[in-house]
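Just follow the structure's listing: the first ligand is 1, and inside any ligand the first atom is 1.
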Amino acid sequence: MAKIAINIATGSLQKDEIIVGIDLGTTNSLVAIIHPDTKLPVVLKEHNTSSLVPSVIYFDEHNNIIVGDEAIAYLESDPERTIFSAKRLMGKSYAEIKKNTSNFAYKIIDDNTDNLVKIQIGNNFYSPIELSSFILKELKSRAEHILKTPVNKAVITVPAYFNDAQRQATRDAGKLAGLDVLRIINEPTAASLAYGLGQHRNETEKTIAVYDLGGGTFDISILKIADGIFDVLSTNGDTYIGGDDFDNIIIEHWINHNNSLKNQVGDNTNLRQLLRLKAESAKKILSTADNFEDTIEHFSLQLTKAVFESLINPLVAKTIECCKSAIKDANINITEIDSIVLVGGSTRIPFVKESVSAFFKKKVNDTLNPDEVVALGAAIQADILAGNNKDFLLLDITPLSLGIETAGGLMDVLIPRNSKIPAKSSRQYTTQVDGQSGMRVSVFQGERDMVKDNRKLAEFSLKNIPGMPAGLPKIEVGFLINADGILTVSAKELRSGVEQSIEVKPQSGISDQEVEKMLLDSITNAKEDIQLRALTEAKTEAEQLLKTTENFLLKNNGFLTQEEILNSASAIQSLQLAITMSDKNLIQQKIEELNNISRPYAERVMDEAISKAMSGRKI
Ligand code: AMP
């Protein structure tokens with residue numbers, strides 16, 4: 001696929017529905033759109049500048065914010081006020097990143113009352129969501145400047161391994177930046193789209209491996225594409241392997257081979273930052289040259305390509321191990337993989353490319369710029385959402401169930417969550433009253449058993465059913481979600497042929513496009529509500545268990561062995577920690593562990609209490 005830089009002078013872009021694709025990267029971020037004339041995805045950039053906006057934020061002492069290239073210089077001169085790799089902190093608690101805080105030159109607050117990470121700059125505190133929103137704001141304003149039109153809508157990509165908290169954090173960052181985030185999509189899906197894989201309905205089935213080695217993270221995804229629908233067969237990766245780590249390895253190598261540098265570097269954050277910049281430039285130079293030489297202050301720095309490769313070999317080998325696991329999890333043979341797509345700046349390293357190609361025994365797709373490929377794919381997805389490209393399928397699933405209300409206000413699901421779109425389903429119902437001439441069909445979306453807890457999408461009545469005894473009419477209700485995500489619900493009485501259908505429109509009667517967007521938005525948000533509910537339920541259960549266990553221990557201390565007391569205390573602590581980490585699965589696991597520990601002595605104490613109560617009595 002050809003790639004062109006957009007002509008800034010053209011005023012020919014459609015002014016109404018610009019939806020941009022945004023790759024919000026750990027190291028760099030960028031924006032792409034579909035060029036209105038060529039219909040090809042292009043990254044946005046001003047003349048003679050790079051499309052990449054470094055994901056770096058500098059706060060001056062008046063808290064003015066500078067994002068991008070200009071902020072880079074401050075990594076060296078003012079590291080405590082310069083934020084990089086904020087994406088690593090998205091949706092994370094302090095406990096999760098504790099062991100890695102030394103990699104950040106800025107101050108990460110260890111605040112036990114707030115379980116999500118905060119960053120302190122001067123007297124101000126920022127969440128990773130706010131930090132990411134500053135980057136997104138900058139991207140938005142650059143895009144507006146280039147396109148000469150307001151940009152309010154975006155598709156943003158995230159790594160495939162991002163959990164819901166991280167996806168939600170990304171969505172919130174978009175909202176804070178004034179962007180309506182129409183869709184969060186997986187980076188490997190976007191990359192495959194950019195290579196033209198899986199865009200058309202009649203394409204034969206393909207299996208794709210997307211190897212993404214960026215600045216901060218490694219991600220391997222195995223995708224299957226059939227009839228234009230993407231299925232993620234497996235993902236694997238490591239949140240702590242990336243170009244940043246290669247830079248750190250080089251720094252360590254230099255420090256370990258130079259005693260005076262070792263002595264000086266200590267806590268000298270400025271020198272460390274300087275070394276970081278030099279290490280990165282060494283690494284980049286070694287992608288095309290065999291040797292690197294430079295100096296900082298009075299230290300000479302040297303690195304050959306061969307040494308660099310031996311230094312990064314263990315990390316590259318780790319990524320290959322992840323690939324093996326991903327293939328195993330996908331339940332496929334390596335020979336079934338048709339294409340390998342390279343993503344991320346670090347795949348420019350020849351040794352990485354060679355290692356991947358050697359492992360898969362195939363040539364890799366590396367014709368597109370690995371830094372731009374995800375944004376280009378996001379632009380393609382944005383264009384599909386804008387309804388501009390009817391050839392492409394909306395590659396999606398329904399994350400929430402769709403159904404109708406039945407007797408007693410119960411939700412009867414016709415299309416379960418995670419069904420592939422387009423989707424179709426039908427079911428037969430009957431009347432409850434003799435001679436019933438009409439039936440109301442109310443369409444709901446959600447996972448709760450009672451429709452009152454779900455979201456109502458539409459309602460219509462099937463009228464003129466000929467008079468029949470209750471239970472005799474056969475009313476077939478059909479649901480169809482087309483490739484554009486529009487749901488049509490129909491109802492037909494099969495004996496008489498009376499029928500009625502409705503395209504799902506919200507009560508206020510807004511446009512089809514808005515219906516689609518609302519449907520997609522509510523789907524995503526509702527899903528998060530459900531997760532929050534599950535987490536809240538787990539937390540409540542955990543808190544109740546903690547309370548009863550602690551009371552029990554207080555009362556029955558004398559009956560327990562020292563080991564039981566110690567084990568309980570440690571299980572209680574782990575459960576408390578799990579609660580602060582807001583991890584539902586972990587909380588449930590810890591509840592079970594605490595229950596397993598307390599069950600034997602609880603039963604024993606109970607038995608003793610019973611036998612005490614019974615003692616002296618004749619049965
Ligand atoms: P990304 O997160 O995809 O933007 O990737 C950025 C990472 O790619 C950073 O660690 C860069 O240092 C690294 N990178 C960019 N260009 C090159 C290159 N020519 N050779 C090696 N690494 C590079």
H257 vs K262 side-chain heavy atoms within contact, under 4.5 Å: no
Residues lining ligand 1 [heavy-atom distance under 4.0 Å, listed by chain and residue number]: T27, N28, G214, G215, G243, D244, E280, K283, K284, S287, G344, G345, S346, R348, I349, D371
More than 12 heavy atoms from other groups under 6.0 Å of CD on E70: no
Contact list for residues 288-302, test side-chain hydrogen bond (donor to acceptor under 3.5 Å, both in side chains), sequence neighbours left out: K278-D294, N291-E293, N291-Q302
Residue pairs involving residues 358-367 (criterion salt bridge (charged side-chain N to carboxylate O under 4.0 Å, His left out); sequence neighbours excluded): K353-D366
Main-chain N/O of F59 paired to R81 side chain as donor or acceptor, under 3.5 Å: yes
Test side-chain hydrogen bond (donor to acceptor under 3.5 Å, both in side chains) applied to N152 - qualifying residues, sequence neighbours left out: K140
